[in-house]
Amino acid sequence: MDMSEYNGNYRIGARPDTVRLEEHNAKTWMKLEKCLSDAGGAADFDALSIAATGHESGNENAPQPYQFVIYCIKNGWLGRIPGQRGL
């Protein structure tokens with residue numbers, strides 16, 4: 001997998017309904033929100049992946065923390081900041 005396409009800084013896009021999320025996803029989402037808040041509202045992909053460390057995946061095919069971050073990006077919960085794409 002070419003991870004370079006995810007380089008860049010992200011902020012919260014559309015917040016997920018944490019009541020409807022699986023508990024393990026809601027817990028990790030809260031970690032990502034804290035990471036973003038602590039960083040002033042934006043954080044890079046690596047920092048978000050570190051914040052997701054310990055994520056309990058409900059899918060055996062997605063055991064890595066960065067995979068949850070990608071899941072959040074694909075769902076629009078995290079949005080790349082324009083002009084902030086990595087090299």
Side-chain angles (χ1 to χ4, degrees):
M1 170 179 271
D2 181 12
M3 299 301 293
S4 66
E5 70 181 284
Y6 297 106
N7 288 343
N9 291 319
Y10 292 84
R11 62 179 166 218
I12 293 175
R15 280 191 168 84
D17 180 353
T18 55
V19 174
R20 299 185 74 195
L21 286 179
E22 298 269 345
E23 184 178 352
H24 62 275
N25 289 342
K27 280 180 164 180
T28 305
W29 173 255
M30 298 304 285
K31 289 180 180 181
L32 297 182
E33 280 195 332
K34 180 172 179 354
C35 173
L36 289 161
S37 176
D38 290 351
D44 68 21
F45 183 82
D46 290 337
L48 292 166
S49 295
I50 290 168
T53 298
H55 175 69
E56 296 178 23
S57 176
N59 182 339
E60 291 179 14
N61 294 323
Q64 301 301 321
Y66 72 84
Q67 291 171 300
F68 182 73
V69 176
I70 292 171
Y71 174 73
C72 292
I73 293 167
K74 289 183 176 181
N75 278 294
W77 304 338
L78 294 172
R80 181 179 281 130
I81 297 172
Q84 296 290 309
R85 190 174 180 118
L87 300 175

ask   = Taking all non-hydrogen atoms of both residues, which atom of Lys31 and which atom of Thr53 are closest, and how far apart?
value = NZ-O, 3.3 Å
inquiry  = Applying the side-chain contact (heavy atoms from CB on, under 4.5 Å) criterion to Leu48, which one of Ile70, Ile73, Leu36 satisfies it?
reply    = Leu36
request  = State plainly whether one hydrophobic cluster holds both Trp29 and Ile50, where clusters connect Ile, Leu, Val, Met, Phe, Trp and Tyr through side-chain heavy atoms under 4.5 angstrom apart.
outcome  = no
query = Closest approach of Ala42 and Ile81, non-hydrogen atoms and distance?
reply = CB-CD1, 3.3 Å
NZ-CZ distance between Lys27 and Phe68, expressed to the nearest 0.5 angstrom = 12.5 Å
request  = Sorted by first residue and then second, give each side-chain hydrogen bond (donor to acceptor under 3.5 Å, both in side chains) pair with at least one member in residues 38-47; sequence neighbours left out.
outcome  = Lys34-Asp38
remark   = Closest non-hydrogen atoms of Tyr6 and Tyr10, given as atom of the first, atom of the second and distance, are O-OH, 2.9 Å
request  = Locate the shortest heavy-atom distance separating Ala39 from Ala43; write the atom from each residue and the value.
outcome  = CB-CB, 4.4 Å
note = Closest non-hydrogen contact found for Ala51 with Cys35 is CB-CB, 3.7 Å
query = Of the non-hydrogen atoms in Cys72 and Leu32, which two are nearest, and what is the gap between them?
reply = SG-CD1, 3.9 Å
task = Look at the aromatic rings of Tyr71 and Trp77 and report parallel, tilted or perpendicular, splitting at 30° and 60°.
result = perpendicular
ask   = Is a side-chain N or O of Ser49 found less than 3.5 angstrom from the main chain of Phe45, in a donor-acceptor match?
value = yes
message = Could you measure the distance from the OG1 atom of Thr18 to the CE atom of Met30? Nearest 0.5 Å is fine.
response = 6.0 Å
